[in-house]
Every structure is written in C-alpha cells, then in structure tokens.
Amino acid sequence: MNAPRARILGLGIHVPSQVVTNHDLTKMMDTSHEWIVERSGIEQRHWVGPEDGNFTMGLKAARMALADAGCDAAEIDCIIYATLSPDYYFPGCGVLIQRELGIGHVPAFDIRQQCAGFVYGLQMADSFIRAGQYRKILLIGSEVHSRLLDKSTRGRTVSVLFGDGAGAAVIGVSDDPARGILSSCMHSDGSDAECLAMQWPGVAAGREGFITHQDIDEARIFPNMEGQKVFKTAVKCMPEAVQEVLEKQGLAVSDLDMLIPHQANLRISEMVAKLLRLDASKVHNNIQKYGNTTAATIPLCLSEARALGKVKPGDLVCTVAFGSGFTWGAVLMRW
Ligand code: ACO
C-alpha cells in the first residue's frame, strides 16, 4: 500500500498591531528610509506590545490554522514549533501551545533552524505522516525579534531587517493523492555557524556564566551577522534547493506556478528568481510590510499568496528558505 500523502490542510497567521516604519527607526538610530528600502526592500515591520510574547502569537496563528483546516484541536497528535526567539530558554514553546490548546499529551518538538525552521518543520511533518506516525500535525513558526535587537546605531545593520510575527499550518493526510507535499530537501553547513548568530547569553567553553555584567556592558548580547557572506551563500543555496526538489519529481522550473521564498531581503528573492529564470509574477514577496520574521516568513507569505488568489488548488508551489547555521531547504507541493 502506498504511503499517505501529507498536505497543508489549513493556514493561520498573526502579526502584532504595532507598525514600525523606517521613519520610526530613524528616531532610534542613524539610518534612513532610503537606505533600508534600497538594501532590503523593507518599508515597515510589526513589533509586539507588552501583551504578547512568542507563544501567544503562535497560539493565535495556530487557532486560525485549525479553523481554516476545519480541525478540532483535539485531533492534533503532534506539535512542531520553529523559533529562534523562544519565550523561555527552556522549556520550548511547543509545550506552552499544548497546554493552552488543552489537548492530550501529544509530543511537542521545538526546532532550531532559524529562517529555515518552517521548511524543516514541513519536511518533518511530511515524514511523520507518510510513516503513519501521526495524522494531524500543528506546525508553528513564530518570532519576537524586537526584544532581541540592538536598536541603537551600533546594531542598525541587523535591527532594521527584522520584524515580529507568527504563522501556523495544520498538516494532515491528503484526501486527494494528487495534492500535497511531493518532495523536499533539508541541508546544513556549520562551517559558517558564527556568521549569523547570537552567541551570548550561552554556556560555551570559557564562559564564566550564562550571562555576565561584562557581556551586557560590552553589548555582546545581540545577534551578529556578516551580511555579505549571508547574501552570497543564500543566493547560491536557495536556487539549488528549488532545483533539487523539482528534479526529484522530474519537473522543471517552468512547471512552477508560484515560488514562496523566505523573506530575508527583497534583493535575495529577486536574485534567486533571476538565477532560476523565473518570472517575477511567479514569486510572492511581502517583506516590504513585515521585514524578516524568520520562522514565520513562509506561512505569512504563503497565506497571503493564497488570499490573493496567487496559490490555487492544483498549482505547483515551492517554498524555499535559508538561514543561520547555515541551514536551508525546500518543499514542493501540489496545492
Ligand atoms: N542604515 C544606514 N546605513 C547603514 C545601515 C543602516 N541601517 N547599516 C549599515 N549601514 C552602513 C554601514 O555602516 C556602511 O557604511 P560605510 O560604508 O560608511 O562603512 C554601509 O552602510 C554599507 O554597509 P554594508 O554592511 O557593507 O552594507 P551592505 O550593502 O552589505 O548591506 C545588508 C547590508 C542589507 C545587511 C546586506 O549585506 C544583506 O542584505 N545581506 C543579507 C543578509 C540578510 O538578508 N540577512 C537577513 C537574515 S539572514 C536570513 O534570513 C537568510
């Protein structure tokens, strides 16, 4: 008997109501709307207010995804939570979702693949479903960047790029074997692990403690990024991953109806499309409104593309992501 095919049965999103424009950032640091738009395409992002944290946004997105799938929370038999900005160092956010949804003692995984987290999670969910291990999986990607960033001029290269938000998907057995996840790939290369990283607080060799006064005084406690290295590696790995998942199905770029790339930088998305020779009309971007929301960008972008009628039943859709680690991957779906 053939393995069941997994399909995204429902999507949900949540973005905090507070909009922070590039002009707002100029009041906090030495930057300009023109610089940010020219280098990244970003015009605004959303930041959480005091009422929200990571899992509260993830929960709102999850409830919307459950409603969209017509699925009762009690049917969920596994939770996968992708984030780099969890509410607590431990435990992870997955168990907080389990508690709030009041569902049974299902497994809850938190995964740490940063911008590639949602794509990794989709592939994990697909594998579990095809193996017959679980039947309905709740996958969440959620980030609160605004509480991690250095919002002074010192941190401007990184902090202008990121925003807060959450997205979720219910993944289950497809009732139509022609529709659902067709192929996927996941990769990593740790040789540049510190190129895009937040190394403090932490317990690495040589540290005196998880966090020290010196770490704070010397402002080590923020993410660091070698932007040009990230850019060059992303535009190499993302097209390769798209080609890989298409080739696994004997398909070509020309067969694609829509590409949903991770929203790191509009220039990265444009370069990926150009290298794939994919027309801009077949790529959906929304980084202009949200900035880089890391594990949340794929569901935020996919959900918006669907709402705009750019992703329709029967379409061949590919999601591709690249992020810190480096980690990257792609998922090809017949929607
Ligand atoms: N506002 C104004 N000026 C700035 C800002 C800012 N926010 N940030 C940096 N600058 C200045 C720098 O100080 C520098 O000034 P100098 O020439 O006087 O020294 C100048 O702008 C150029 O700085 P660079 O860092 O060289 O700028 P670059 O052209 O590389 O653009 C950027 C930076 C946008 C980060 C780019 O490297 C990039 O897009 N990299 C990809 C990284 C990315 O997208 N990361 C997202 C997370 S990773 C992921 O999701 C895959």
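As the structure lists them, so they are numbered: ligands from 1, and atoms in each ligand from 1. For the single chain, residues carry numbers from 1 onward in sequence order.
R45 and D164 are not joined by a salt bridge, as no carboxylate oxygen comes within less than 4.0 angstrom of a charged side-chain nitrogen.
Within the 4.0 Å heavy-atom criterion, the part of C115 lying near ligand 1 is the side chain and not the backbone. Of all the heavy atoms of L196, the ones lying under 4.0 Å from any atom of ligand 1 belong exclusively to the side chain. Neither the backbone nor the side chain of I36 has a heavy atom within less than 4.0 Å of ligand 1. Contacts with ligand 1 closer than 4.0 Å are made by side-chain heavy atoms of V230 only, the backbone lying farther away. Counting heavy atoms closer than 4.0 Å to ligand 1, residue T31 contributes atoms from both its backbone and its side chain. When non-hydrogen atoms are compared, ligand 1 lies under 4.0 Å from the side chain of H262 (C-beta onward) but not from its backbone. Contacts between N292 and ligand 1 below 4.0 angstrom, taking non-hydrogen atoms only, involve the side chain exclusively.
Side-chain contact of S40 with N265: a donor-acceptor pair under 3.5 Å is absent, judged by distance alone. In this model, a donor atom of one side chain and an acceptor atom of the other lie less than 3.5 Å apart for S85 and E143.
Cation-pi geometry between R207 and W200 is satisfied (NZ or CZ under 6.0 Å from the ring centre, within 45° of the ring normal).
Scanning the protein for heavy atoms near atom 51 (C) of ligand 1, the closest one is F322 O, 3.0 Å. Looking at atom 9 (C) of ligand 1, its nearest protein heavy atom turns out to be T157 OG1, 3.3 Å. Given atom 33 (C) of ligand 1, the protein heavy atom at minimum distance is W35 CH2, 3.9 Å. When only non-hydrogen protein atoms are considered, atom 41 (C) of ligand 1 lies nearest to G227 O, 3.3 Å. Scanning the protein heavy atoms around atom 35 (C) of ligand 1, the nearest turns out to be M225 CE, 3.6 Å. Looking from atom 38 (C) of ligand 1 to the surrounding protein, the closest heavy atom is N265 ND2, 3.6 Å. Q228 NE2, 4.2 Å is the protein heavy atom nearest to atom 24 (P) of ligand 1. For atom 29 (O) of ligand 1, the nearest protein heavy atom (residue, atom name, distance) is R39 NH1, 2.5 Å.
Considering all non-hydrogen atoms of both residues, V317 and L256 come closest at C-CD2, 4.4 Å. The minimum heavy-atom distance linking K151 with M29 is given by the pair O-CE, 3.4 Å.
Under a hydrophobic clustering in which Ile, Leu, Val, Met, Phe, Trp and Tyr are joined whenever their side-chain heavy atoms come within less than 4.5 Å, directly or via other members, M186 and I171 fall into the same cluster.
A heavy-atom distance below 4.5 Å is found between the side chains of F162 and T294. With a 4.5 Å cut-off on side-chain heavy atoms, I260 and C318 do not count as touching. No side-chain heavy atom of I268 sits less than 4.5 Å from a side-chain heavy atom of H262.
Remark: atom 6 (C) of ligand 1 lies closer than 4.0 Å to at least one protein heavy atom. Proximity of atom 18 (O) of ligand 1 to the protein is not indicated, since no non-hydrogen protein atom lies closer than 4.0 angstrom. For atom 14 (C) of ligand 1, no protein non-hydrogen atom is found at a distance below 4.0 Å. Within a 4.0 Å radius of atom 27 (O) of ligand 1, the protein has at least one heavy atom. Under the 4.0 angstrom criterion, atom 21 (O) of ligand 1 counts as having a protein heavy-atom contact.
Between Y81 and F55, the ring center distance fails the sub-6.0 Å criterion. Remark: aromatic rings of F128 and F109 are close, center separation under 6.0 Å.
No side-chain donor-acceptor contact under 3.5 Å links N285 to the backbone of L266.
Heavy-atom proximity to V160, at under 4.0 Å, picks out these atoms of ligand 1: 7 (N).
For atom 11 (C) of ligand 1, the candidate residues are K229, R156, M29; the nearest heavy-atom contact is made by R156.
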